Amino acid sequence: MQRLALIALAGLTVALQAQDICHRPSPGGAVPEPPDLRSRAGQLIVDLRIHNFVNTNGSVGYCYTTPDGKVAPTLRLNPGDLLILNLKNDLTAPGPAAHHHTGADSNASGDPCLSGAMTAASTNLHFHGLTIPPVCHQDEVLNTSVQPGDKPFQYRFRIPQDEPPGLYWYHPHIHGFSKVQVLGGASGALIVEGIERATKEVAGLRERVLVIRDQDLLNPDAPPSKSEPVIPKMLLDQDGDAANNGTGFGRPAKDLSINYVPVPYPDYPPALIEIKPEERQLWRIVNASAITYLNLEILFNRAPQQLGLVALDGVPLNQNGKIEDSVSWQSHLGVPPGGRVEFILKGPAPGVTGLLVTKSVDTGPGGENDPNRAIATITASASAPEFSKLSDSPEPLSASGVPWLGDVAPVRTRRLYFSEKPVDPEKPNGAMEFFITVNGETPVAFDPKSGLPNIIAKQGTVEDWIIENRSNELHAFHIHQLHFLLLDYLGRRVNEPFLRDTVNVPYYNGRSLEYPSVKLRMDFRDPNTVGTFVFHCHLLEHEDGGMMGLIRVEPSASPISNVSTLSK
Ligand SMILES: [Cu+2]
(Lines give C-alpha, C1' and ligand atoms only; values in the text may rest on other atoms or scores of the structure.)
Protein backbone atom coordinates (compact mmCIF):
# COMPACT_ATOMS: atom_id res chain seq x y z
CA MET A 1 0.00 0.00 0.00
CA GLN A 2 2.70 2.42 1.09
CA ARG A 3 4.75 1.65 -1.99
CA LEU A 4 1.72 2.23 -4.22
CA ALA A 5 1.08 5.55 -2.51
CA LEU A 6 4.68 6.56 -3.10
CA ILE A 7 4.45 5.63 -6.77
CA ALA A 8 1.20 7.57 -7.05
CA LEU A 9 2.86 10.53 -5.33
CA ALA A 10 5.83 10.39 -7.70
CA GLY A 11 3.41 10.31 -10.66
CA LEU A 12 1.56 13.29 -9.22
CA THR A 13 4.81 15.24 -8.82
CA VAL A 14 5.69 14.60 -12.46
CA ALA A 15 2.17 15.60 -13.47
CA LEU A 16 2.29 18.79 -11.40
CA GLN A 17 5.66 19.74 -12.84
CA ALA A 18 4.31 19.26 -16.37
CA GLN A 19 1.26 21.38 -15.49
CA ASP A 20 3.69 24.04 -14.37
CA ILE A 21 5.67 23.75 -17.59
CA CYS A 22 2.53 23.98 -19.71
CA HIS A 23 1.28 26.98 -17.59
CA ARG A 24 -2.30 27.34 -18.73
CA PRO A 25 -3.90 30.78 -18.27
CA SER A 26 -7.05 31.39 -16.22
CA PRO A 27 -10.48 32.16 -17.70
CA GLY A 28 -11.14 35.82 -18.52
CA GLY A 29 -7.49 36.71 -19.08
CA ALA A 30 -5.83 38.60 -21.92
CA VAL A 31 -5.22 36.43 -25.00
CA PRO A 32 -1.44 36.00 -25.26
CA GLU A 33 0.24 35.61 -28.66
CA PRO A 34 1.87 32.20 -29.16
CA PRO A 35 5.67 32.62 -29.13
CA ASP A 36 7.18 32.88 -32.63
CA LEU A 37 10.11 30.78 -33.82
CA ARG A 38 11.37 32.20 -37.11
CA SER A 39 13.67 30.59 -39.64
CA ARG A 40 17.05 32.25 -40.15
CA ALA A 41 19.26 31.92 -43.22
CA GLY A 42 16.90 29.37 -44.73
CA GLN A 43 16.42 27.08 -41.75
CA LEU A 44 14.62 26.66 -38.45
CA ILE A 45 15.93 24.24 -35.83
CA VAL A 46 13.44 23.48 -33.06
CA ASP A 47 13.62 21.19 -30.04
CA LEU A 48 10.11 20.30 -28.86
CA ARG A 49 9.09 18.17 -25.91
CA ILE A 50 5.56 16.89 -25.51
CA HIS A 51 4.32 16.69 -21.90
CA ASN A 52 1.08 15.65 -20.26
CA PHE A 53 -0.45 16.41 -16.90
CA VAL A 54 -3.69 15.89 -15.00
CA ASN A 55 -6.05 18.88 -14.91
CA THR A 56 -8.09 19.82 -11.84
CA ASN A 57 -11.18 18.25 -13.47
CA GLY A 58 -9.32 14.96 -13.94
CA SER A 59 -8.83 15.31 -17.70
CA VAL A 60 -5.33 15.03 -19.15
CA GLY A 61 -3.65 18.11 -20.60
CA TYR A 62 -0.86 18.03 -23.19
CA CYS A 63 1.57 20.63 -24.46
CA TYR A 64 4.70 21.20 -26.51
CA THR A 65 7.56 23.18 -25.00
CA THR A 66 10.96 24.41 -26.15
CA PRO A 67 14.11 24.19 -23.97
CA ASP A 68 13.67 27.85 -22.97
CA GLY A 69 10.08 27.30 -21.85
CA LYS A 70 8.08 28.50 -24.85
CA VAL A 71 4.73 26.69 -25.08
CA ALA A 72 3.21 25.61 -28.41
CA PRO A 73 5.34 27.96 -30.51
CA THR A 74 4.29 29.19 -33.94
CA LEU A 75 6.84 27.87 -36.46
CA ARG A 76 7.47 30.51 -39.13
CA LEU A 77 9.26 29.55 -42.31
CA ASN A 78 9.58 30.84 -45.86
CA PRO A 79 8.94 28.69 -48.91
CA GLY A 80 12.11 26.69 -49.54
CA ASP A 81 13.26 26.82 -45.89
CA LEU A 82 14.45 23.70 -44.06
CA LEU A 83 12.68 22.69 -40.83
CA ILE A 84 14.61 20.50 -38.42
CA LEU A 85 12.36 19.57 -35.51
CA ASN A 86 13.61 17.27 -32.75
CA LEU A 87 10.63 15.79 -30.91
CA LYS A 88 11.21 14.34 -27.42
CA ASN A 89 8.42 12.29 -25.94
CA ASP A 90 7.97 13.11 -22.24
CA LEU A 91 4.52 11.55 -21.94
CA THR A 92 3.49 9.40 -19.02
CA ALA A 93 0.77 6.86 -19.81
CA PRO A 94 -2.46 8.00 -18.17
CA GLY A 95 -4.73 5.08 -17.37
CA PRO A 96 -4.86 1.95 -19.51
CA ALA A 97 -2.16 2.10 -22.14
CA ALA A 98 -3.24 -0.74 -24.40
CA HIS A 99 -5.30 -0.13 -27.49
CA HIS A 100 -7.36 -2.79 -29.18
CA HIS A 101 -6.05 -2.02 -32.65
CA THR A 102 -2.52 -3.16 -32.10
CA GLY A 103 -0.39 -6.02 -30.98
CA ALA A 104 2.97 -4.31 -31.44
CA ASP A 105 2.77 -1.91 -28.55
CA SER A 106 5.79 -3.30 -26.74
CA ASN A 107 8.09 -2.23 -29.54
CA ALA A 108 9.29 0.74 -27.47
CA SER A 109 12.99 0.33 -28.15
CA GLY A 110 12.61 -0.20 -31.90
CA ASP A 111 13.05 2.19 -34.78
CA PRO A 112 10.41 4.96 -34.46
CA CYS A 113 10.06 4.89 -38.27
CA LEU A 114 8.83 1.28 -38.16
CA SER A 115 7.34 1.19 -34.68
CA GLY A 116 3.66 1.46 -35.48
CA ALA A 117 3.05 1.46 -31.70
CA MET A 118 -0.29 2.93 -30.74
CA THR A 119 -0.44 3.50 -27.00
CA ALA A 120 -1.51 6.44 -24.87
CA ALA A 121 2.17 7.28 -24.36
CA SER A 122 3.11 7.09 -28.08
CA THR A 123 3.25 10.22 -30.16
CA ASN A 124 4.26 11.60 -33.55
CA LEU A 125 3.60 14.71 -35.64
CA HIS A 126 1.43 15.56 -38.61
CA PHE A 127 2.02 18.84 -40.43
CA HIS A 128 -1.55 19.57 -41.45
CA GLY A 129 -1.91 21.08 -44.93
CA LEU A 130 1.70 20.96 -46.10
CA THR A 131 2.42 19.35 -49.47
CA ILE A 132 5.42 17.36 -48.21
CA PRO A 133 6.15 13.67 -48.77
CA PRO A 134 4.41 11.03 -46.59
CA VAL A 135 7.71 9.46 -45.57
CA CYS A 136 9.38 8.95 -42.20
CA HIS A 137 11.05 12.07 -40.75
CA GLN A 138 8.69 14.18 -42.89
CA ASP A 139 4.91 13.63 -42.72
CA GLU A 140 4.33 9.90 -42.19
CA VAL A 141 1.77 9.02 -39.50
CA LEU A 142 0.96 5.32 -40.00
CA ASN A 143 4.21 3.74 -38.80
CA THR A 144 6.08 6.61 -37.20
CA SER A 145 5.66 6.43 -33.44
CA VAL A 146 7.96 7.89 -30.80
CA GLN A 147 8.01 6.34 -27.33
CA PRO A 148 8.92 7.94 -23.99
CA GLY A 149 12.20 6.00 -23.88
CA ASP A 150 13.32 7.09 -27.35
CA LYS A 151 15.93 9.74 -27.95
CA PRO A 152 14.65 12.91 -29.69
CA PHE A 153 13.16 12.00 -33.04
CA GLN A 154 14.12 14.22 -35.93
CA TYR A 155 11.63 15.66 -38.42
CA ARG A 156 13.53 17.22 -41.31
CA PHE A 157 11.98 18.66 -44.47
CA ARG A 158 11.87 21.68 -46.72
CA ILE A 159 8.78 23.81 -47.11
CA PRO A 160 8.10 23.41 -50.85
CA GLN A 161 9.09 26.44 -52.91
CA ASP A 162 5.50 26.61 -54.25
CA GLU A 163 3.69 26.00 -50.94
CA PRO A 164 0.96 28.66 -50.72
CA PRO A 165 1.77 31.25 -48.02
CA GLY A 166 -0.62 30.93 -45.10
CA LEU A 167 -1.56 29.20 -41.88
CA TYR A 168 -0.88 25.50 -41.29
CA TRP A 169 -0.59 23.57 -38.02
CA TYR A 170 1.03 20.60 -36.30
CA HIS A 171 -0.49 17.99 -34.04
CA PRO A 172 -0.03 14.31 -33.06
CA HIS A 173 -1.62 11.60 -35.23
CA ILE A 174 -1.37 8.25 -33.40
CA HIS A 175 -4.35 6.16 -34.48
CA GLY A 176 -6.68 5.64 -31.53
CA PHE A 177 -5.07 8.42 -29.49
CA SER A 178 -5.29 11.50 -31.71
CA LYS A 179 -8.37 12.77 -29.90
CA VAL A 180 -7.03 12.57 -26.34
CA GLN A 181 -3.76 14.31 -27.23
CA VAL A 182 -5.29 17.08 -29.38
CA LEU A 183 -8.17 17.61 -26.93
CA GLY A 184 -5.55 17.93 -24.21
CA GLY A 185 -3.92 20.81 -26.11
CA ALA A 186 -1.17 19.19 -28.22
CA SER A 187 -1.10 21.52 -31.23
CA GLY A 188 0.59 24.61 -32.58
CA ALA A 189 0.54 26.88 -35.63
CA LEU A 190 2.92 26.79 -38.57
CA ILE A 191 3.05 29.77 -40.91
CA VAL A 192 4.45 29.76 -44.42
CA GLU A 193 5.46 33.42 -44.68
CA GLY A 194 4.54 35.76 -47.50
CA ILE A 195 0.75 36.05 -47.47
CA GLU A 196 1.17 39.78 -48.13
CA ARG A 197 2.89 38.80 -51.38
CA ALA A 198 -0.35 37.15 -52.53
CA THR A 199 -2.78 39.73 -51.17
CA LYS A 200 -1.51 43.33 -51.09
CA GLU A 201 -4.53 44.25 -48.93
CA VAL A 202 -2.76 42.75 -45.93
CA ALA A 203 0.66 44.36 -46.55
CA GLY A 204 1.86 46.24 -43.48
CA LEU A 205 -0.89 44.86 -41.22
CA ARG A 206 -0.20 43.50 -37.75
CA GLU A 207 -1.19 39.87 -37.38
CA ARG A 208 -2.71 37.85 -34.60
CA VAL A 209 -2.36 34.08 -34.47
CA LEU A 210 -5.34 32.60 -32.64
CA VAL A 211 -5.44 28.88 -31.90
CA ILE A 212 -8.91 27.79 -30.82
CA ARG A 213 -8.85 24.44 -29.03
CA ASP A 214 -11.49 22.42 -27.22
CA GLN A 215 -11.14 20.57 -23.93
CA ASP A 216 -13.24 18.59 -21.48
CA LEU A 217 -15.77 20.70 -19.61
CA LEU A 218 -14.48 22.41 -16.46
CA ASN A 219 -18.02 22.53 -15.00
CA PRO A 220 -19.84 19.54 -16.49
CA ASP A 221 -22.52 19.43 -13.81
CA ALA A 222 -23.48 23.11 -13.90
CA PRO A 223 -26.92 24.04 -15.25
CA PRO A 224 -26.93 26.34 -18.29
CA SER A 225 -26.64 30.08 -17.61
CA LYS A 226 -29.90 31.76 -16.63
CA SER A 227 -29.26 34.31 -19.39
CA GLU A 228 -29.92 31.68 -22.07
CA PRO A 229 -33.32 32.10 -23.72
CA VAL A 230 -34.06 28.37 -23.67
CA ILE A 231 -32.89 25.65 -21.30
CA PRO A 232 -32.99 22.52 -23.43
CA LYS A 233 -33.22 19.07 -21.96
CA MET A 234 -29.80 17.52 -21.42
CA LEU A 235 -29.07 14.74 -23.89
CA LEU A 236 -25.87 12.72 -23.92
CA ASP A 237 -24.39 10.90 -26.89
CA GLN A 238 -22.64 7.52 -26.76
CA ASP A 239 -19.36 9.15 -25.67
CA GLY A 240 -21.00 10.96 -22.77
CA ASP A 241 -20.77 14.30 -24.57
CA ALA A 242 -23.72 16.69 -24.72
CA ALA A 243 -25.69 15.79 -27.84
CA ASN A 244 -26.96 18.35 -30.32
CA ASN A 245 -30.36 19.55 -29.13
CA GLY A 246 -31.08 21.77 -32.11
CA THR A 247 -31.68 24.94 -30.07
CA GLY A 248 -28.23 26.53 -30.22
CA PHE A 249 -28.11 26.61 -26.43
CA GLY A 250 -27.47 24.34 -23.47
CA ARG A 251 -24.42 22.42 -22.38
CA PRO A 252 -21.72 22.12 -25.08
CA ALA A 253 -19.90 18.87 -25.74
CA LYS A 254 -16.57 20.56 -24.95
CA ASP A 255 -15.27 23.86 -23.61
CA LEU A 256 -13.29 26.11 -25.94
CA SER A 257 -10.06 27.98 -25.31
CA ILE A 258 -8.31 30.69 -27.32
CA ASN A 259 -4.49 30.55 -27.16
CA TYR A 260 -5.13 28.37 -24.09
CA VAL A 261 -7.32 30.95 -22.27
CA PRO A 262 -10.35 28.80 -21.42
CA VAL A 263 -13.90 30.05 -21.99
CA PRO A 264 -15.80 27.55 -19.85
CA TYR A 265 -19.46 26.62 -19.80
CA PRO A 266 -21.91 27.74 -18.46
CA ASP A 267 -21.17 31.49 -18.33
CA TYR A 268 -18.45 31.62 -21.03
CA PRO A 269 -16.41 34.43 -19.42
CA PRO A 270 -14.79 35.82 -22.59
CA ALA A 271 -11.04 36.12 -22.95
CA LEU A 272 -9.75 39.62 -23.65
CA ILE A 273 -8.30 40.90 -26.92
CA GLU A 274 -7.03 44.49 -27.11
CA ILE A 275 -6.54 46.25 -30.41
CA LYS A 276 -5.66 49.85 -31.23
CA PRO A 277 -8.81 51.83 -32.12
CA GLU A 278 -9.99 51.01 -35.65
CA GLU A 279 -6.67 49.35 -36.53
CA ARG A 280 -6.87 46.88 -39.42
CA GLN A 281 -5.28 43.53 -38.53
CA LEU A 282 -4.88 40.13 -40.16
CA TRP A 283 -6.39 37.48 -37.88
CA ARG A 284 -5.12 33.97 -38.53
CA ILE A 285 -7.34 31.42 -36.80
CA VAL A 286 -6.88 27.66 -36.65
CA ASN A 287 -9.63 25.43 -35.32
CA ALA A 288 -7.39 23.01 -33.43
CA SER A 289 -10.40 21.41 -31.74
CA ALA A 290 -10.67 17.65 -31.50
CA ILE A 291 -14.42 17.54 -32.08
CA THR A 292 -15.86 21.10 -32.10
CA TYR A 293 -17.07 22.87 -35.24
CA LEU A 294 -16.83 26.67 -35.28
CA ASN A 295 -18.95 29.29 -36.97
CA LEU A 296 -17.09 32.50 -36.17
CA GLU A 297 -18.67 35.93 -36.06
CA ILE A 298 -17.44 39.28 -34.76
CA LEU A 299 -20.00 41.67 -33.28
CA PHE A 300 -19.52 45.38 -32.54
CA ASN A 301 -22.28 46.70 -30.29
CA ARG A 302 -24.03 43.41 -31.19
CA ALA A 303 -23.91 44.05 -34.99
CA PRO A 304 -22.07 41.48 -37.15
CA GLN A 305 -18.94 42.93 -38.78
CA GLN A 306 -17.65 42.25 -42.27
CA LEU A 307 -14.57 40.01 -42.22
CA GLY A 308 -12.25 40.22 -45.22
CA LEU A 309 -11.38 36.58 -45.91
CA VAL A 310 -7.99 36.37 -47.63
CA ALA A 311 -7.03 32.70 -47.16
CA LEU A 312 -8.64 29.40 -46.29
CA ASP A 313 -6.78 26.30 -45.13
CA GLY A 314 -3.47 28.05 -45.80
CA VAL A 315 -4.21 28.97 -49.41
CA PRO A 316 -4.80 32.63 -50.41
CA LEU A 317 -7.98 33.33 -52.33
CA ASN A 318 -7.38 33.77 -56.05
CA GLN A 319 -9.17 34.01 -59.36
CA ASN A 320 -8.90 30.69 -61.16
CA GLY A 321 -5.36 30.33 -59.97
CA LYS A 322 -4.31 33.92 -60.74
CA ILE A 323 -3.16 36.04 -57.84
CA GLU A 324 -5.60 38.93 -57.97
CA ASP A 325 -5.53 40.48 -54.50
CA SER A 326 -8.69 38.61 -53.65
CA VAL A 327 -10.61 39.51 -50.52
CA SER A 328 -14.05 38.05 -49.87
CA TRP A 329 -16.14 39.97 -47.34
CA GLN A 330 -18.15 37.66 -45.11
CA SER A 331 -20.35 38.13 -42.05
CA HIS A 332 -19.42 34.77 -40.54
CA LEU A 333 -16.90 32.00 -41.20
CA GLY A 334 -17.52 28.29 -40.69
CA VAL A 335 -14.38 26.41 -39.64
CA PRO A 336 -14.40 22.61 -39.28
CA PRO A 337 -11.98 20.94 -36.86
CA GLY A 338 -8.60 21.22 -38.61
CA GLY A 339 -9.63 24.16 -40.82
CA ARG A 340 -8.07 27.64 -40.89
CA VAL A 341 -9.38 31.09 -41.82
CA GLU A 342 -7.31 34.24 -42.30
CA PHE A 343 -9.19 37.51 -42.51
CA ILE A 344 -8.89 41.27 -42.25
CA LEU A 345 -10.63 42.80 -39.27
CA LYS A 346 -10.98 46.49 -38.46
CA GLY A 347 -10.84 47.04 -34.70
CA PRO A 348 -13.64 48.81 -32.83
CA ALA A 349 -13.69 52.54 -32.13
CA PRO A 350 -13.11 53.64 -28.52
CA GLY A 351 -16.15 52.86 -26.39
CA VAL A 352 -17.50 50.21 -28.79
CA THR A 353 -17.79 46.71 -27.37
CA GLY A 354 -16.56 43.98 -29.68
CA LEU A 355 -17.14 40.27 -29.24
CA LEU A 356 -15.72 37.23 -31.02
CA VAL A 357 -18.32 34.47 -30.87
CA THR A 358 -19.02 31.12 -32.40
CA LYS A 359 -22.57 30.63 -33.51
CA SER A 360 -24.26 27.30 -33.08
CA VAL A 361 -23.40 24.62 -35.66
CA ASP A 362 -26.12 22.11 -36.57
CA THR A 363 -24.21 18.85 -36.29
CA GLY A 364 -27.33 16.73 -36.84
CA PRO A 365 -29.35 14.52 -34.49
CA GLY A 366 -26.36 12.21 -33.98
CA GLY A 367 -23.83 15.02 -33.46
CA GLU A 368 -22.44 16.84 -30.45
CA ASN A 369 -23.81 20.09 -29.11
CA ASP A 370 -21.90 23.10 -30.48
CA PRO A 371 -24.01 25.98 -29.09
CA ASN A 372 -23.78 29.76 -29.47
CA ARG A 373 -21.11 31.14 -27.17
CA ALA A 374 -18.74 34.02 -26.61
CA ILE A 375 -15.00 33.46 -27.04
CA ALA A 376 -13.37 36.88 -26.49
CA THR A 377 -14.23 40.53 -26.03
CA ILE A 378 -12.45 42.91 -28.39
CA THR A 379 -11.58 46.25 -26.81
CA ALA A 380 -10.08 49.36 -28.39
CA SER A 381 -7.02 50.50 -26.48
CA ALA A 382 -4.26 52.88 -27.52
CA SER A 383 -1.85 50.79 -25.43
CA ALA A 384 -2.81 47.46 -27.04
CA PRO A 385 0.21 45.15 -27.39
CA GLU A 386 1.89 45.18 -30.80
CA PHE A 387 2.48 41.80 -32.35
CA SER A 388 4.19 40.69 -35.53
CA LYS A 389 3.76 42.91 -38.60
CA LEU A 390 3.63 41.90 -42.25
CA SER A 391 6.00 43.55 -44.71
CA ASP A 392 4.56 46.78 -46.12
CA SER A 393 6.43 46.56 -49.41
CA PRO A 394 6.12 42.91 -50.42
CA GLU A 395 7.50 41.55 -53.65
CA PRO A 396 4.45 40.14 -55.47
CA LEU A 397 4.26 36.37 -55.61
CA SER A 398 4.97 35.02 -59.08
CA ALA A 399 2.15 33.20 -60.80
CA SER A 400 1.86 29.47 -60.29
CA GLY A 401 3.37 27.46 -63.12
CA VAL A 402 0.66 24.80 -63.06
CA PRO A 403 -2.85 25.11 -64.51
CA TRP A 404 -5.66 25.98 -62.09
CA LEU A 405 -7.10 22.79 -60.61
CA GLY A 406 -10.58 23.74 -61.80
CA ASP A 407 -9.36 23.81 -65.40
CA VAL A 408 -7.82 20.32 -65.43
CA ALA A 409 -9.94 17.39 -66.61
CA PRO A 410 -10.23 14.61 -64.02
CA VAL A 411 -9.10 11.11 -65.05
CA ARG A 412 -11.97 9.55 -63.12
CA THR A 413 -14.74 10.12 -60.60
CA ARG A 414 -14.85 8.11 -57.38
CA ARG A 415 -17.63 7.91 -54.82
CA LEU A 416 -17.01 7.53 -51.10
CA TYR A 417 -19.34 7.74 -48.16
CA PHE A 418 -19.32 8.32 -44.42
CA SER A 419 -21.47 5.93 -42.39
CA GLU A 420 -21.90 4.73 -38.82
CA LYS A 421 -23.20 1.55 -37.26
CA PRO A 422 -23.95 0.63 -33.65
CA VAL A 423 -21.40 -1.90 -32.37
CA ASP A 424 -24.33 -3.85 -30.92
CA PRO A 425 -27.35 -3.79 -33.28
CA GLU A 426 -29.56 -4.34 -30.22
CA LYS A 427 -28.34 -1.01 -28.81
CA PRO A 428 -28.87 1.64 -31.50
CA ASN A 429 -27.91 4.37 -29.03
CA GLY A 430 -24.84 2.56 -27.73
CA ALA A 431 -21.22 2.79 -28.93
CA MET A 432 -20.83 3.40 -32.65
CA GLU A 433 -18.40 2.25 -35.29
CA PHE A 434 -17.31 4.82 -37.87
CA PHE A 435 -16.51 4.21 -41.52
CA ILE A 436 -15.44 5.96 -44.68
CA THR A 437 -15.97 3.58 -47.58
CA VAL A 438 -15.37 3.54 -51.33
CA ASN A 439 -18.71 2.86 -53.02
CA GLY A 440 -19.18 -0.87 -53.61
CA GLU A 441 -16.77 -1.94 -50.85
CA THR A 442 -17.91 -3.26 -47.46
CA PRO A 443 -17.65 -0.69 -44.65
CA VAL A 444 -14.85 -1.65 -42.24
CA ALA A 445 -13.22 0.38 -39.49
CA PHE A 446 -9.71 1.52 -40.49
CA ASP A 447 -7.06 -1.04 -39.63
CA PRO A 448 -3.63 0.59 -39.44
CA LYS A 449 -1.96 -2.83 -39.71
CA SER A 450 -3.59 -3.78 -43.01
CA GLY A 451 -1.41 -1.52 -45.15
CA LEU A 452 -3.77 -2.18 -48.05
CA PRO A 453 -4.81 0.98 -49.89
CA ASN A 454 -8.52 1.62 -50.37
CA ILE A 455 -7.68 3.81 -53.35
CA ILE A 456 -4.78 3.77 -55.82
CA ALA A 457 -4.17 6.94 -57.77
CA LYS A 458 -1.40 8.19 -60.01
CA GLN A 459 0.85 11.17 -59.54
CA GLY A 460 0.35 13.77 -62.26
CA THR A 461 -3.41 13.25 -62.44
CA VAL A 462 -6.42 14.89 -60.88
CA GLU A 463 -9.59 13.05 -59.85
CA ASP A 464 -13.09 14.04 -58.80
CA TRP A 465 -14.32 12.54 -55.55
CA ILE A 466 -17.93 12.66 -54.46
CA ILE A 467 -18.13 12.25 -50.67
CA GLU A 468 -21.57 11.37 -49.31
CA ASN A 469 -22.75 11.42 -45.74
CA ARG A 470 -25.13 8.54 -44.97
CA SER A 471 -25.05 9.14 -41.20
CA ASN A 472 -27.15 11.43 -39.05
CA GLU A 473 -24.25 13.64 -37.98
CA LEU A 474 -21.94 16.16 -39.59
CA HIS A 475 -18.47 14.98 -40.67
CA ALA A 476 -15.38 16.85 -41.88
CA PHE A 477 -13.47 15.22 -44.77
CA HIS A 478 -9.69 15.74 -44.66
CA ILE A 479 -6.84 14.31 -46.72
CA HIS A 480 -3.12 14.55 -46.05
CA GLN A 481 -0.45 15.80 -48.49
CA LEU A 482 -2.71 17.85 -50.79
CA HIS A 483 -5.38 20.49 -51.22
CA PHE A 484 -8.60 20.05 -53.16
CA LEU A 485 -11.12 22.26 -54.89
CA LEU A 486 -14.74 22.21 -53.73
CA LEU A 487 -16.67 21.87 -57.01
CA ASP A 488 -20.20 21.08 -55.73
CA TYR A 489 -21.80 21.43 -52.33
CA LEU A 490 -25.09 19.56 -51.77
CA GLY A 491 -25.41 19.07 -55.51
CA ARG A 492 -24.95 22.75 -56.32
CA ARG A 493 -22.01 24.07 -58.32
CA VAL A 494 -19.73 26.30 -56.22
CA ASN A 495 -16.31 26.02 -57.88
CA GLU A 496 -14.72 28.05 -55.09
CA PRO A 497 -11.91 30.46 -55.98
CA PHE A 498 -9.64 28.84 -53.41
CA LEU A 499 -8.53 25.43 -52.18
CA ARG A 500 -9.22 23.53 -48.98
CA ASP A 501 -7.82 20.56 -47.12
CA THR A 502 -10.83 20.00 -44.84
CA VAL A 503 -14.52 20.35 -45.69
CA ASN A 504 -17.83 19.73 -43.91
CA VAL A 505 -20.17 17.11 -45.31
CA PRO A 506 -23.68 17.75 -43.89
CA TYR A 507 -25.67 15.00 -42.19
CA TYR A 508 -28.46 12.90 -43.71
CA ASN A 509 -31.93 13.72 -42.41
CA GLY A 510 -33.33 10.25 -43.08
CA ARG A 511 -35.95 11.56 -45.52
CA SER A 512 -34.34 13.01 -48.65
CA LEU A 513 -34.09 10.93 -51.81
CA GLU A 514 -30.36 11.61 -52.00
CA TYR A 515 -27.63 11.65 -49.41
CA PRO A 516 -25.93 15.03 -48.83
CA SER A 517 -22.63 15.20 -50.66
CA VAL A 518 -19.69 17.32 -51.71
CA LYS A 519 -17.79 16.97 -54.97
CA LEU A 520 -14.06 17.60 -54.72
CA ARG A 521 -11.33 17.85 -57.33
CA MET A 522 -8.35 16.07 -55.84
CA ASP A 523 -4.89 17.26 -56.90
CA PHE A 524 -2.30 14.49 -57.31
CA ARG A 525 -0.04 16.57 -59.55
CA ASP A 526 2.61 17.56 -57.01
CA PRO A 527 5.74 15.35 -57.12
CA ASN A 528 5.69 15.24 -53.29
CA THR A 529 2.22 13.69 -53.29
CA VAL A 530 3.55 10.17 -53.89
CA GLY A 531 3.31 7.26 -51.50
CA THR A 532 0.80 5.93 -48.99
CA PHE A 533 -1.16 8.33 -46.81
CA VAL A 534 -4.57 8.79 -45.22
CA PHE A 535 -7.91 10.52 -45.63
CA HIS A 536 -10.33 10.70 -42.72
CA CYS A 537 -12.97 12.59 -40.82
CA HIS A 538 -11.27 15.36 -38.82
CA LEU A 539 -13.59 14.87 -35.90
CA LEU A 540 -10.91 12.97 -34.05
CA GLU A 541 -13.35 10.74 -32.17
CA HIS A 542 -14.51 9.48 -35.56
CA GLU A 543 -10.99 9.20 -36.96
CA ASP A 544 -9.80 7.23 -33.92
CA GLY A 545 -12.98 5.13 -34.17
CA GLY A 546 -12.20 3.94 -37.70
CA MET A 547 -13.41 6.69 -40.07
CA MET A 548 -10.17 6.69 -42.05
CA GLY A 549 -8.93 5.22 -45.31
CA LEU A 550 -5.63 4.67 -47.12
CA ILE A 551 -4.62 6.01 -50.50
CA ARG A 552 -1.52 5.04 -52.44
CA VAL A 553 -0.40 7.50 -55.07
CA GLU A 554 1.98 5.81 -57.47
CA PRO A 555 4.74 7.68 -59.30
CA SER A 556 3.72 8.81 -62.75
CA ALA A 557 6.42 6.68 -64.42
CA SER A 558 5.08 3.41 -62.99
CA PRO A 559 2.66 1.44 -65.15
CA ILE A 560 -0.88 1.42 -63.84
CA SER A 561 -3.48 -0.44 -65.81
CA ASN A 562 -6.88 1.21 -65.80
CA VAL A 563 -6.06 4.91 -65.98
CA SER A 564 -7.28 6.93 -68.93
CA THR A 565 -4.97 9.53 -70.45
CA LEU A 566 -4.80 12.91 -68.80
CA SER A 567 -6.51 15.55 -70.89
CA LYS A 568 -5.46 19.15 -70.45
CU1 LIG B 1 -16.88 12.57 -38.43
Side-chain angles (χ1 to χ4, degrees), residues 101 126 128 141 171 173-183 187 213-214 236-244 252-254 287-295 313 334-339 360-370 415-423 428-439 443-448 454 465-480 484 486 489-490 500-510 515-518 520 534-551:
H101 275 298
H126 169 47
H128 183 123
V141 297
H171 65 83
H173 207 295
I174 294 287
H175 188 60
F177 297 92
S178 295
K179 178 191 158 189
V180 64
Q181 296 189 8
V182 172
L183 187 68
S187 55
R213 300 175 174 90
D214 60 3
L236 292 180
D237 70 3
Q238 64 276 1
D239 304 294
D241 294 323
N244 181 25
K254 300 292 171 200
N287 182 1
S289 295
I291 69 161
T292 307
Y293 296 87
L294 299 175
N295 184 8
D313 290 355
V335 200
S360 166
V361 176
D362 183 4
T363 60
E368 284 82 16
N369 204 33
D370 291 342
R415 288 177 172 272
L416 293 85
Y417 64 95
F418 287 119
S419 65
E420 301 179 9
K421 198 181 75 182
V423 174
N429 297 320
M432 303 293 283
E433 281 192 290
F434 300 93
F435 314 111
I436 182 165
T437 311
V438 176
N439 230 9
V444 283
F446 178 71
D447 176 6
N454 304 95
W465 289 14
I466 296 167
I467 321 276
E468 277 178 0
N469 188 345
R470 300 186 183 176
S471 79
N472 67 350
E473 69 175 309
L474 183 61
H475 296 290
F477 176 84
H478 169 58
I479 186 165
H480 290 204
F484 49 76
L486 179 62
Y489 188 78
L490 299 179
R500 297 178 184 256
D501 58 41
T502 311
V503 67
N504 282 355
V505 189
Y507 62 90
Y508 180 55
N509 62 13
Y515 293 112
S517 69
V518 297
L520 312 175
V534 293
F535 52 89
H536 58 85
C537 176
H538 216 290
L539 216 91
L540 299 183
E541 201 158 271
H542 300 169
E543 172 191 328
D544 284 340
M547 207 169 240
M548 179 143 77
L550 267 192
I551 175 170

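Note that this is a predicted model, so its numbers are computed, not measured. Counting starts at 1 for both ligands and their atoms, following the listed order.
- The closest approach of His475 to the Cu ion (ligand 1), by N/O/S atoms, is made by ND1.
- The atom name of the N/O/S atom in His542 closest to the Cu ion (ligand 1) is ND1.
- Listed here is the closest heavy atom pair of Ala476 and Pro337: CB-CD, 4.4 Å.
- The Cu ion (ligand 1) does not have His538 among its coordinating residues (no N/O/S atom, backbone or side chain, under 2.8 Å).
- The shortest non-hydrogen separation linking Pro506 to Leu490 is CG-CD2, 3.8 Å.
- For Trp465 and Phe484, the ring centers are positioned 6.0 Å apart or more.
- In summary, the aromatic rings of His173 and His536 are positioned with their centroids under 6.0 Å apart.
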